[in-house]
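Beneath this line is the structure, given in structure tokens, with notes to follow.
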Amino acid sequence: MHFTINGQSHDIEVDVRTSLLDLCREHLGLTGSKKGCDHGQCGACTMLVNGRRVNSCLTLAVMHQDDEITTIEGLGQPGNLHPLQDAFVRHDGFQCGYCTPGQICSAVGMMDEVKKGWPSHVTEDLGAAELTVEEISERMSGNLCRCAAYPNIVDAIREVAGLGDRNPNEDVGKEVAA
Amino acid sequence: MKLFDYARADSVATAARDGAVPGARFIAGGTNLLDLMKLQVETPETLIDISRLPLTAIEEREDGGLTIGALVPNSDLAADPRVIERYPVLSRALLAGASGQLRNKASTGGNLLQRTRCYYFYDPATPCNKREPGSGCSAIGGENRILAILGTSDQCIATHPSDMAVAMRALEAVIVTQKPDGDRRRIAIGDFYRLPGATPEIENVLEPGELITHVELPAAPEGRQTYRKVRDRASYAFALVSVAGIVAVEGGRITAAHLAFGGLGPMPWRNEAVEAALVGQEPTDAAFHAAADALLANARGFGSNDFKIPLTRRTLVATLRELTQEG
């Protein structure tokens, strides 16, 4: 099978059952993407496929032979961090760090969706949205952080979006409309 | 995961033909099927990858509606300007479901065919008539908080999990298919799903190899549209109760109502008696409660899901207030 991951070509034979996540982690040494639940519930495995964020645990590698795959390793490297990686470090957007590669890949995909004008569940008129705390919380809900670094993740994303820190009186954990 | 053969389909015709072989399953987004294959709830012998078929367009119809390719991702459908403008109930339902990552992968056709999230269906260590016909239902007398109160049988009380399909039921969508012999058919969404009865493993009217190619939306009905979803957490959770509503009011009276419900039954639920209870009435709480009476006349709780009966009433009344308030 032939794959293009972080701009590099790979020709490799793998079992047809191999998920895109296991291809990267177990066969190509790209262990940045993490396996949390392996059922699409936690988001730790999030990668970009042709620029769109997906759960790499819930898709087969064999189905992605013609796609451009980007993992956290492709976004930035030590000394050459992606702006979101840099912002996560400065804002303390993690404790254990296990969910972080997925959070960052998801945030890259999410910010692109916002640029395209995609609404979310909390976008009042289904129009274009600004990245308020409520919008970020909703759009990032597919990425769990058991250390609960959510407020700092929100700050990191807001900084990269050019919006500055959240209002300290705004509660990140507040209920969005059911 | 059990081993399977993999084949990428190069046309709708070959996909439908190869899909008719016993043990074959289509895979598009795979977000539900692969999850179930990991648990060996699904054990296909062959996966036919349809994800590269040219079924990704959303096109105008002469009647003012839209034809949606079966492989249009949920995220693209929700963000399509024509859907947002003419079918906001559908955009809102899609955006209320799953996560950003899953919506990017999940297809229109696959969403219609999602399997239930009943805890026991997912747990091969327990009896489940849907997973293993004749083995029994663990949910009746078990943990059934998220399960059905309408359309159940003694064999199964599973709910259909989709939000998208609820909006499509309110919009009277038509599901277009192609059969292995090349015949195409158009199936009204109201005729697409089957009640569990004694065969809960059969969930819809599709025949072996029959492939969903498109979903047609007729021109949007008159009226204001909304989708209200009640769930256990604020985002990324299945519905306990949801309502897709389209209601028109003229001269102080309700002139048309289209209502469909999620989280209540084995299919996106619609009951025309609910709509009949509203049309011609003034939009008052008395009329809204009469509609709820019609919806819940045959509702039955199974213990831990009893709360859904009053919750459904309140959710329907709140939805109708929202859709009929002035201004």
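Lettering follows sequence order; numbering is per chain, from 1.
- Both the backbone and the side chain of Thr31(B) come within contact range of chain A, each with at least one heavy atom under 4.5 Å from a heavy atom of that chain.
- Within the 4.5 angstrom heavy-atom criterion, no atom of Met110(A) approaches chain B.
- The candidate from Gly29(B), Ala79(B), Pro73(B), Pro88(B) with the greatest count of non-hydrogen atom pairs under 4.5 Å with chain A is Ala79(B).
- With a threshold of 4.5 angstrom between heavy atoms, Asp125(A) approaches chain B through N, CA, C or O but not through any side-chain atom.
- Using a 4.5 Å heavy-atom cutoff, the side chains of Leu39(B) and His39(A) are in contact.
- For the residue pair Leu95(B) and His121(A), the shortest heavy atom distance occurs at O-CB, 3.4 Å.
- Each of Asn55(A), Thr46(A), Thr123(A) has some count of heavy-atom pairs under 4.5 Å with chain B, and the biggest count is that of Asn55(A).
- Across all their heavy atoms, Arg92(B) and Glu124(A) have their closest contact at NH2-O, 2.8 Å.
- Side-chain contact between Leu102(B) and Val54(A) is absent, with no heavy-atom pair separated by less than 4.5 Å.
- When the candidates Ser91(B), Gly100(B), Gly30(B) are compared by the number of heavy-atom contacts under 4.5 Å with chain A, Gly100(B) comes out ahead.
- Contact annotation: the side chain of Ser75(B) never approaches that of Glu113(A) to less than 4.5 Å [non-hydrogen atoms, C-beta and beyond].
- Note that the OG1 atom of Thr59(A) and the CG atom of Asn104(B) stand 12.0 Å from one another [nearest 0.5 Å].
- Residue Leu33(B): no heavy atom, backbone or side chain, is found under 4.5 Å from chain A.
- The line from CZ of Arg103(B) to OG of Ser120(A) is 8.0 Å long, rounded to the nearest 0.5 Å.
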| query | Passes side-chain contact (heavy atoms from CB on, under 4.5 Å), Tyr236(B) versus Glu138(A)? Steps please. | reply | CA-CA 8 Å; Tyr236(B) 198 18; Glu138(A) 164 59 28; over 6 Å; no

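- More than 12 heavy-atom neighbours from other residues, nucleotides or ligands sit within 6.0 angstrom of CD on Gln77(A).
- Contact check for Asp66(A) versus Arg52(B): side-chain heavy atoms found under the 4.5 Å cut-off.
- Side-chain contact between Lys105(B) and Leu58(A) is absent, with no heavy atoms from C-beta onward closer than 4.5 Å.
- Residues Asn143(A) and Gln101(B) form a side-chain contact, since some pair of their non-hydrogen atoms from C-beta on lies under 4.5 Å apart.
- Few gaps surround CD on Gln40(B); more than 12 heavy atoms of other groups in view lie less than 6.0 Å from it.
- Between Pro119(A) and Ile84(B) the shortest heavy-atom distance is CG-CD1, 3.9 Å.
- The two atoms that bring Arg17(A) and Phe4(B) nearest to each other are CG-CE2, 3.5 Å, heavy atoms only.
- The distance from atom OG of Ser99(B) to atom CE of Met140(A), rounded to the nearest 0.5 Å, is 10.5 Å.
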| query | Given the rule in the salt bridge (Lys or Arg N to Asp or Glu O under 4.0 Å) test, do Asp76(B) and Arg52(A) qualify, once you have shown the distances and angles that lead to the verdict? | reply | CA-CA 11 Å; Asp76(B) 294 64; Arg52(A) 297 167 68 126; 2.5 Å; yes

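- Atom CD of Glu85(B) sits in a sparse spot, with 12 or fewer heavy atoms from other residues, nucleotides or ligands closer than 6.0 Å.
- Put simply, the side chain of Leu47(B) reaches to within 4.5 Å of the side chain of Leu60(A), judged on heavy atoms.
- For Ala28(B), the part lying near chain A is the backbone, with the side chain staying farther off; criterion is any non-hydrogen pair under 4.5 Å.
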